[in-house]
Amino acid sequence: MKLGVNIDHVATLRQARRGTQPDVILAAKEAEAGGADSITVHLREDRRHIQDTDLPALKRSCRIPINLELALVPEIIRIALALKPEKVCIVPERRLEVTTEGGLNVIAKEKALKKTIPLFKALHIEVSLFIDPSPEQILKASLVGADAIEIHTGAYSLAKGKHRRLELDKIRQGSALAVRLGMKVHAGHGLDYDNVQPICGISEIEELNIGHSIVSHAVFWGLRKSVEEMKGLINLKSK
Ligand code: PXP
């Protein structure tokens, strides 16, 4: 199972100061050094984290594939087609949401998807659709020509006890259905160090896209050393 590392939250921290730190290119390189199989970024319409200029810089610097998440918005589609990342993942987007809160409604967006997906496929860009594990949505994803689905694991990650097992079953059944329909299966959203392993037991899933938990974890793996380094500099100068 492959791991795509979503570095949006590194950009979120950078945008808090509208500066250059932390550097998303360095984040991508560190993720790659850690074994990431791809780098995922979401160019949102409101540009709250990843900026337009990050995209060509990432494309130039990464040796692993770029997976660009995008909403069905003409301006963003144009940018994605010009960038030519290896993969795109079409997601729903609402301006006031904190994060991508639910899967794309493929049934409601059928017409737009039938128009958009061939544009990417003509450039040999793999297209996945970020959807909930509902059989109707999965069936429609196959009918509109998606290469892959990315199953939204948000409900699974929030559920507890038997509800979590039920959500896991939905993901398992949805994955099997997608493979029967000839699509690849990815999954992501809310996956962390505690809940990822049951998902890894679903053999149909080829790729996980994980961001928030990895970036959060990285803060604590690096915080002590960073303070020590700063303390070292201060002590050196004040001796
Ligand atoms: N996959 C998709 C399509 C997403 O929109 C997101 C969130 O940006 C993720 C995966 C990663 O979710 P998280 O940051 O919760 O790991």
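Just so it is clear, the model here is predicted, and its values are computed rather than measured. All ligand and atom numbering here is 1-based and tracks the order in the structure. Computation of the quantities below employed the complete heavy-atom set of this structure, encompassing side-chain atoms and omitting hydrogens, waters and symmetry-equivalent molecules.
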field: Contact atoms of ligand 1, heavy-atom distance to V91 under 4.0 Å
entry: 3 (C)
message: Between T153 and G188 (side chain of the first, backbone of the second, donor and acceptor by atom type, cut-off under 3.5 Å), is there such a pair?
response: yes
message: Tell me the contacting part of N209 for ligand 1: side chain, backbone, both, or neither, using a 4.0 Å heavy-atom threshold, strictly below.
response: both
- request: Check the pair I214, H217 against side-chain contact (heavy atoms from CB on, under 4.5 Å), reporting the backbone distance first and the verdict last.
  value: CA-CA 5 Å; I214 293 178; H217 199 71; 5.6 Å; no
Heavy-atom nearest neighbour of atom 2 (C) of ligand 1 within options H49, E69, H9: E69
Protein contact to atom 16 (O) of ligand 1 [nearest heavy atom, distance to 0.1 Å]: G211 N, 2.8 Å
message: Please determine whether the number of non-hydrogen atoms from other residues, nucleotides or ligands lying under 6.0 Å from atom NZ of K2 exceeds 12.
response: no
- prompt: Out of H189, R44, H212, E150, whose heavy atom is nearest to atom 1 (N) of ligand 1?
  reply: E150
- prompt: To the nearest 0.1 Å, how far is atom 8 (O) of ligand 1 from its closest protein heavy atom, and which atom is that?
  reply: N6 ND2, 3.4 Å
message: Between the side chains of D147 and K184, is the shortest nitrogen-to-carboxylate-oxygen separation below 4.0 Å, so that they form an ion pair?
response: no
message: Please check: side-chain N/O of R47 versus main-chain N/O of R44, any donor-acceptor pairing under 3.5 Å?
response: yes
- request: With side-chain contact (heavy atoms from CB on, under 4.5 Å) as the test, would you mind laying out the steps for D8 and I50 before giving the verdict?
  value: CA-CA 6 Å; D8 290 347; I50 293 295; 3.4 Å; yes
field: Nitrogen or oxygen of G190 less than 3.5 angstrom from that of ligand 1
entry: yes
